[in-house]
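See below for the structure under consideration.
The shown structure was predicted, so the numbers you read here are calculated from the model rather than taken from an experiment.
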Amino acid sequence: MRPHIVFALIVFALILTATTLIAPAECASRPQVLQVLIGLVGRDEAALTALLERQQDPGSADYRRWLTPPEFGQRFGATAADLRRASRWLRAEGCRVRRFASRRLLACVGGPRLEVPAALRRVVTDILAADEPLERVTRITPSTTEPQAILDGARVLQPAEFPRIYGLGTAIGPDVDGRGQTIGLLGFARVDPQDIAAFRQTAGFPALEVEQIGAAGADGPDTRLEAALDVEWSGAIAPGARIVLAVGETVADSLAALVDRNVDVISSSISLCPSQQSRKFIREALRLIRQASAQGQTVFQASGDQGATFCKKRRVDPMVASPWGTAVGGTDPSPEQDATGAFVAYGTEVVWGDTDGASGGGRSSFPRPAWQRKGGTRTVPDVAFPASAIYPVVFGGQLVLVGGTSAAAPTWAGAITQLNQVLGRRVGFLNRELYSLGQQQQSGGAAVFHDITQGSSTFHGVRGFAAGPGYDLVTGWGSMNGPEFFAAFAR
């Protein structure tokens with residue numbers, strides 16, 4: 001440990017060797033059904049598409065006029081008659097019915113396994129049972145470094161150093177800490193409040209009572225560590241923000257809770273491997289991300305830790321490729337240091353790619369949005385932040401170093417929470433503005449991004465993509481240059 005590091009926890013040896021962790025669900029020993037989500041057919045899809053475009057158009061009266069979840073439901077949800085019919089069916093099946101404000105979902109709690117009756121097939125889109133066998137993905141790379149090695153000089157990025165490197169917090173203005181904002185995190189497991197308290201106390205942050213909703217989906221060491229990283233480091237960037245951790249079985253249920261809650265910023269570092277079983281869950285998640293955009297919720301997704309591959313195939317995660325979310329890739333930073341070894345300013349960055357993982361990205365199967373260059377398909381990531389295993393996390397009362405794009409996504413979420421606070425409003429869907437700013441920077445405009453031009457995402461023998469000037473398929477436009485980035489949105 002460098003002399004300036006102030007983490008003073010008593011730690012015990014803990015060696016975690018996994019890279020991207022994939023845990024198949026085991027449903028044989030569970031109750032038959034924990035919860036079932038019922039997808040409902042919405043109304044006026046063409047009108048929703050047009051509204052989303054107007055919300056991004058500075059010349060429109062709807063520019064940045066975000067909907068509330070009830071407003072979304074009234075305009076684009078199921079009809080009142082269809083909602084009543086579907087609810088009556090579920091109650092007749094023995095369900096305790098929970099409605100969502102969007103009117104595009106219902107939840108059946110405690111009921112049997114369901115089949116859509118013929119009379120409701122034009123109303124119900126999908127039945128998403130919590131106990132279906134799905135491959136769940138986390139995007140965290142625990143370091144193989146034992147805690148004692150931190151004392152012996154391992155590279156550690158402290159919470160106080162991140163804002164100095166990227167120009168956040170007090171570099172923007174006094175009391176810029178995300179206060180008044182709420183960050184929503186998706187998880188497959190809950191966190192231990194004592195771990196969160198220890199992390200924040202040693203970092204000098206005010207106490208935080210994390211609101212945890214939902215039940216654990218794939219509760220194991222990997223998913224608990226993932227949740228701890230997301231909570232601790234989104235809160236490290238925005239220590240004044242509230243945090244809601246939505247724990248679920250299927251990603252769709254966690255996302256549905258946060259979209260219905262209408263939190264300001266959402267960050268996800270979990271996903272599902274594409275399969276016949278997961279297709280409908282992914283489809284519902286994509287619908288929810290679209291709804292989040294209409295509500296002005298900024299959605300970040302970790303781009304992945306396996307370079308050009310996802311779930312052992314050369315492809316892009318379809319949830320990460322949503323045209324209404326922002327995909328976050330990974331970098332490996334080398335900040336400037338003072339005489340004590342403290343990180344004090346931005347230095348250089350390269351693509352994150354080592355023996356543990358590499359920044360995810362590539363070309364998806366989605367049509368390319370208008371804010372990307374015309375033609376072809378949607379590419380990811382859009383932006384990046386550090387993903388090398390340099391983040392200290394308190395987990396199980398111990399201090400471990402972790403990384404992965406699981407760290408990059410929640411740190412971007414924390415930064416945008418600060419931006420919302422400074423502007424006094426939600427910035428909402430970011431990508432149109434990100435790409436406009438990136439293109440302006442390439443033409444000599446303000447340097448709102450640190451452009452990453454070195455490194456590639458080749459990983460475990462699978463050829464990846466190389467970084468280069470401007471936008472690339474490993475770091476997007478690059479990492480945030482806080483003061484210039486904030487100033488661009490304030491204009």
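Not counting sequence neighbours, the partners of D382 by the salt bridge (Lys or Arg N to Asp or Glu O under 4.0 Å) test are R378. Legend: residues meeting salt bridge (Lys or Arg N to Asp or Glu O under 4.0 Å) with R103, ordered by chain and number and at least two apart, are absent.
In this structure, a donor-acceptor pair under 3.5 Å is present between the side chains of T379 and Q372. Q181 and T417 share no donor-acceptor pair across their side chains, judged by distance under 3.5 Å alone. A donor atom on one side chain and an acceptor atom on the other are not found under 3.5 Å apart for T411 and Y166.
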Next on the checklist: Please determine whether side-chain contact (heavy atoms from CB on, under 4.5 Å) holds for the pair V137 and L272, giving the CA-CA distance in whole Å, both sets of side-chain angles, and the decisive distance to 0.1 Å.
Outcome noted: CA-CA 6 Å; V137 181; L272 299 174; over 6 Å; no
Item to check | Full working for side-chain contact (heavy atoms from CB on, under 4.5 Å) between R122 and V41 | outcome: CA-CA 7 Å; R122 71 167 187 83; V41 173; over 6 Å; no
Item to check | Derivation of the side-chain contact (heavy atoms from CB on, under 4.5 Å) call for V402 and L225 | outcome: CA-CA 9 Å; V402 299; L225 180 58; 3.9 Å; yes
Item to check | S234/L185 under side-chain contact (heavy atoms from CB on, under 4.5 Å): CA gap, chis, key distance, verdict | outcome: CA-CA 9 Å; S234 63; L185 303 170; 3.8 Å; yes
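No option in L37, V124, L83 other than L83 meets the side chain to side chain contact (heavy atoms under 4.5 Å, CB included) test with L106. When the options I38, D82, T79 are evaluated for a side chain to side chain contact (heavy atoms under 4.5 Å, CB included) with V123, the one that passes is D82.
Using a 4.0 Å cut-off between a side-chain N of Lys or Arg and a carboxylate O of Asp or Glu, K312 and E135 do not qualify as a salt bridge. A salt bridge is defined here as a Lys NZ or Arg NE, NH1 or NH2 lying under 4.0 Å from an Asp or Glu carboxylate O, and R279 with E284 fails to meet this definition. Salt bridge present: D126 and R283 bring a charged side-chain N and a carboxylate O closer than 4.0 Å.
A cation-pi arrangement is absent between R290 and F72, since the terminal nitrogen or guanidinium carbon is not both under 6.0 Å from the aromatic centre and inside a 45° cone about the axis.
Put simply, the side chain of P483 reaches to within 4.5 Å of the side chain of N481, judged on heavy atoms. In this structure, the side chains of F188 and D222 stay at 4.5 Å or more apart for every pair of heavy atoms.
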Under 3.5 Å, side-chain donor or acceptor atoms of residues 251-261 against the rest of the protein: list the pairs with distances, not counting sequence neighbours.
{"residue": "D253", "atom": "OD1", "partner": "E249", "partner atom": "N", "Å": "3.4"}
{"residue": "D253", "atom": "OD1", "partner": "T250", "partner atom": "N", "Å": "3.1"}
{"residue": "D253", "atom": "OD1", "partner": "T250", "partner atom": "OG1", "Å": "3.2"}
{"residue": "D253", "atom": "OD1", "partner": "V251", "partner atom": "N", "Å": "3.4"}
{"residue": "D253", "atom": "OD2", "partner": "E249", "partner atom": "N", "Å": "2.8"}
{"residue": "S254", "atom": "OG", "partner": "A246", "partner atom": "O", "Å": "3.1"}
{"residue": "S254", "atom": "OG", "partner": "G248", "partner atom": "N", "Å": "3.0"}
{"residue": "D260", "atom": "OD1", "partner": "A101", "partner atom": "N", "Å": "2.7"}
{"residue": "R261", "atom": "NH1", "partner": "E211", "partner atom": "OE1", "Å": "3.1"}
{"residue": "R261", "atom": "NH1", "partner": "E211", "partner atom": "OE2", "Å": "2.8"}
{"residue": "R261", "atom": "NH2", "partner": "E211", "partner atom": "OE2", "Å": "3.3"}

